[in-house]
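The structure appears right after this line, and notes come after that.
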Amino acid sequence: MRRAPDLDRLTQELFAEIQSDEVPYEDLYETLLQYYQTPINLNAATREELRSLLLLNENQITTLLNHRQANGDLLSVYELQSIEGYDLRTINRILPFVSVQMSGANSSRGTLWQRIAREDNNALYLRYERVLQERQGYTPPTLYQGRPTTRYLGSADKMLIRYRVSHTKDFSVGFSLEKDAGEPIVWNPNNGQFGADYVSAHLLIQERGKLKALALGDYQLQFGQGLLLSSGLAVGKGAETITTLRRSSVGVRAYSSLLENSFFRGGALTYQVAPTVQVTGFVSHKNVDANLQQTQDSLAQYDEFTSGLLYTGFHRTASEIANRHRLAETLGGGNATYTSRDGNLAIGVTGLFTYYGTPILKRPEPYNYFEFSGRENLALSLNYSYVYRNFLLFGETARSSGGGLGTVNGLLASLGSSVDAALLVRHYDSDFHTLYGNAFSENTRNINETGVYIGLKVRPVARWEISAYYDQFRFPWLRYRASAPTDGHDALLRIAYTPTKTSLLYVQLRQRLKPRDLASTDLNNLYPTRALPLPGEQLRQSILVYYNTAPTPQLELRTRMQASRLRDDDGLAWRSGYVLAQDVGYQFNRTLKLTARYAIFDADDYDSRQYVFEQDVLLAVSVPALYGQGTRVYGLAEIRINRSLTLWLRYAETRYRHQDVVGTGLESIQGSLRGEVKAQVRMKF
């Protein structure tokens, strides 16, 4: 039986310090969990599929493929120990996500329905969670200027039902229903609502002769470097400075995440037209959240428009419900990829056409001058990757309607058995529009940016590893909260020591300079005669010390110390924050495991807040933002009742000092305590 992945520890290795809640960590967790539930078959995986794990460098992938070609199928995952470049740390990292099966074994397992019924990961999840204290959004409305104030229309309960069964290179079937806290349960088929606010379902069939993939329902697409199509596999800059730099072109994938916007709904098909050529076609139609507005000017081009899409996925108040699924979005396109017989060369072309039922017109702010406007966007791209010895060249260049150009090109090199290096250059025009792209960038979108990234990883002696990157970027046009073209940089250094196979100690330093408009009070003090906004040289410095050890097979200890300081410009005061956290996990027996954390935190304000990963129930992600002064504790119990039934129970609370109110707006709580309960049961069939 494969051991469960240690996602908390893996996250520490893949990500740099978290500085934003805009990064879709849940999407990456979902991807890793998909690999856990449907592990990659090392005897059938392609080079691209092995890259998509993010845990193997190019040299390790090459040696595995060469070993497979010279010796035939692997007999066991432990055979990896005999392959050059696979040390114990690497094997332990990938073990939860890989398997060894005989090639072509699916057909011998019976019909599709028999395989689905007999699949080991056939499971239904039920989850419930709630904040124990009453939040303002759930109190009776009051009157303000003669009108009742806004309140949530649903209960404070958050509920989830999820079912999925899948097998690598064979099939995936599943559905999800979710109601967020504050959302009402509504049965209105005419409006596309069937009880729960979010409903998702998918069917994916793979490897039926020349039919490589057929997806119906909700699905994801990943081609090239993600300039046009990218979902689920993007990490970006992190403490893993080499392997996460490149996107993996894995094509059509099933979608079972709870993110309500980053998927396609319809159908997609991949067909092998020649031994070295695969083509993919797809179509998608869904309604997305948007605030539609009527044009006041009778001479305007459109009678109705929206200023942009809404991505929160919340439909709790009357206004949020009014914006629910108001904008029709239709997409269509395709990809053709040539892969040489030895797999070293791949070239692909991708086209994506997007049509909105109502035009998008951004607010007339200077930073929106080059943003997408209108109903239609057509984008075309060319991507490539080429392996030569220990070097991997890759890139993608795209052009969107209106002429905007985006290009990203990189080089990964294994300079020796203990040295890996990376170089990536990107440029995205200010009028380059990629609505589902997520290529490597400093910004959350691929627009208005030029940059150069250099990464290095060195293992000077056994058990030691040094990782570093330096990223220089420039924004040629204005950005939100940056009223002038600006330059910045981001640098990281991590020194890791692995004293034993169950221990890990590392120290990480990071500095990021990213200009942002000064607050009006600072602007008045520094430049009393200046009337216009001015970006300050905002500088953030941080340190993270992390120690993970398992003194006994049952006991695991984790200690985390992280701190950062921030100033908005030269001469302004530093603001700072820190967190000290201690985790304890104990496996009592096969049926019970307990995990707990005690943490103290102190952050001067919201800008100096600290994000800290927490262990959660399976398939859930918890990364709270801590600021103010206080303590954060949680306890998690995993109870395996029998072979088919597993129960998770979690309680977490945050106690604040010197505060009479927790949170803001409709989420505010009177008092200094916020407590959360969560329960989940998994039923395996």
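Atom set for the values below is all heavy atoms of this structure, side chains included, hydrogens, waters and symmetry mates excluded.
- Using modelled atom types and a 3.5 Å distance limit, the side chains of Tyr634 and Arg632 yield no donor-acceptor pair.
- Proximity of Arg516 to Pro535: side-chain heavy atoms (C-beta onward) are nowhere separated by under 4.5 Å.
- Interatomic distance, Arg540 CZ to Asp568 CG, rounded to the nearest 0.5 Å: 10.0 Å.
- In this structure, CG on Asp583 lies 8.0 Å from OG1 on Thr595, to the nearest 0.5 angstrom.
- Taking OG1 from Thr139 and OH from Tyr152, the interatomic distance works out to 10.5 Å, rounded to the nearest 0.5 Å.
- Contacts of Ile669 classified as side chain to side chain contact (heavy atoms under 4.5 Å, CB included), with partners at least two apart in sequence or in another chain: Val131, Gln133, Arg135, Val662, Arg674.
- Counted by atom type alone, Arg164 and Ser256 present one or more donor-acceptor pairs between their side chains at under 3.5 Å.
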Using a 3.5 Å cut-off and no angle test, enumerate the donor-acceptor pairs between side-chain atoms of residues 141-150 and protein atoms at least two apart in sequence or in another chain.
{"residue": "Thr142", "atom": "OG1", "partner": "Thr149", "partner atom": "OG1", "Å": "3.4"}
{"residue": "Thr149", "atom": "OG1", "partner": "Thr142", "partner atom": "N", "Å": "3.0"}
{"residue": "Thr149", "atom": "OG1", "partner": "Thr142", "partner atom": "O", "Å": "3.3"}
{"residue": "Thr149", "atom": "OG1", "partner": "Arg151", "partner atom": "NH1", "Å": "3.2"}

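- Side chains of Ser576 and Asp604 form a contact here, defined as non-hydrogen atoms less than 4.5 Å apart.
- Relative ring orientation between Trp187 and Phe194 is described as perpendicular, the plane-to-plane angle rising above 60° on a 0-90° scale split at 30° and 60°.
- Of all the heavy atoms in Ser483 and Asp517, the pair that sits closest is OG-OD2, 2.7 Å.
- Note that Lys286 lies in the cation-pi zone of Phe263, set by a 6.0 Å cut-off to the ring centre and a 45° limit from the axis.
- Take Tyr578 and apply the ring-ring contact (aromatic ring centres under 6.0 Å, His included) test, not counting sequence neighbours, and it matches no residue.
- The shortest heavy-atom contact between Ile600 and Thr631 is CG2-CG2, 3.8 Å.
- Looking at every heavy atom in both residues, Asn446 comes nearest to Ala439 through OD1-N, 2.7 Å.
- The distance from the CZ atom of Arg127 to the CZ atom of Arg650 is 11.0 Å, given to the nearest 0.5 Å.
- Within the structure, every pair that satisfies the side chain to side chain donor-acceptor pair (under 3.5 Å) test and touches residues 175-185, not counting sequence neighbours, is listed here: Ser155-Lys179.
- With values rounded to the nearest 0.5 angstrom, Asn377 atom CG is found 8.0 Å from Thr434 atom OG1.
- Of all non-hydrogen atoms in Leu352 and Leu228, the two that sit nearest each other are CD2-O, 3.8 Å.
- The shortest non-hydrogen separation linking Ala268 to Leu221 is CB-CD2, 4.5 Å.
- There is a side-chain donor-acceptor pair under 3.5 Å between Tyr163 and Asn122.
- Side chains of Phe282 and Leu229 form a contact here, defined as non-hydrogen atoms less than 4.5 Å apart.
- At a threshold of 4.5 Å between non-hydrogen side-chain atoms, the residues Asp289 and His325 count as touching.
- Ser172 and His202 form a side-chain donor-acceptor contact under 3.5 Å, judged by distance and modelled atom types alone.
- Checked against ring-ring contact (aromatic ring centres under 6.0 Å, His included), Tyr656 has the following partners two or more places apart in sequence or in another chain: Phe601.
- Defined by atom type and a distance below 3.5 Å, a donor-acceptor pair is missing between the side-chain atoms of Ser284 and Tyr219.
- Between Tyr436 and Phe264, the ring-plane angle classifies as tilted under the 30° and 60° cut-offs.
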Residue pair Lys514, Asp490: steps toward the salt bridge (charged side-chain N to carboxylate O under 4.0 Å, His left out) verdict: CA-CA 8 Å; Lys514 191 172 183 180; Asp490 186 4; over 6 Å; no
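- With a 4.5 Å cut-off on side-chain heavy atoms, Phe305 and Thr295 count as touching.
- Using a 3.5 Å distance cut-off with no hydrogens or angles, the side chains of Gln659 and Ser672 do not pair a donor with an acceptor.
- Looking only at side-chain heavy atoms (C-beta outward), Tyr125 and Leu618 come within less than 4.5 Å of each other.
- Pairs passing the salt bridge (Lys or Arg N to Asp or Glu O under 4.0 Å) check and including a residue from residues 364-376, sequence neighbours excluded, read Glu371-Arg445.
- A side-chain donor from one of His315 and Asp197 sits under 3.5 Å from a side-chain acceptor of the other.
- To the nearest 0.5 Å, atom CD of residue Gln615 and atom CD of residue Glu638 are 10.0 Å apart.
- The side-chain heavy atoms of Phe314 and Glu320, taken from C-beta on, include a pair separated by under 4.5 Å.
- Between the side chains of Asp218 and Ser200, at least one donor N or O lies within less than 3.5 Å of an accepting N or O.
- Side chains of Ser542 and Gln562: no donor on one and acceptor on the other come within 3.5 Å.
- Two residues are said to be in side-chain contact when any heavy atoms from C-beta on lie closer than 4.5 Å; Asn291 and Arg326 fail this criterion.
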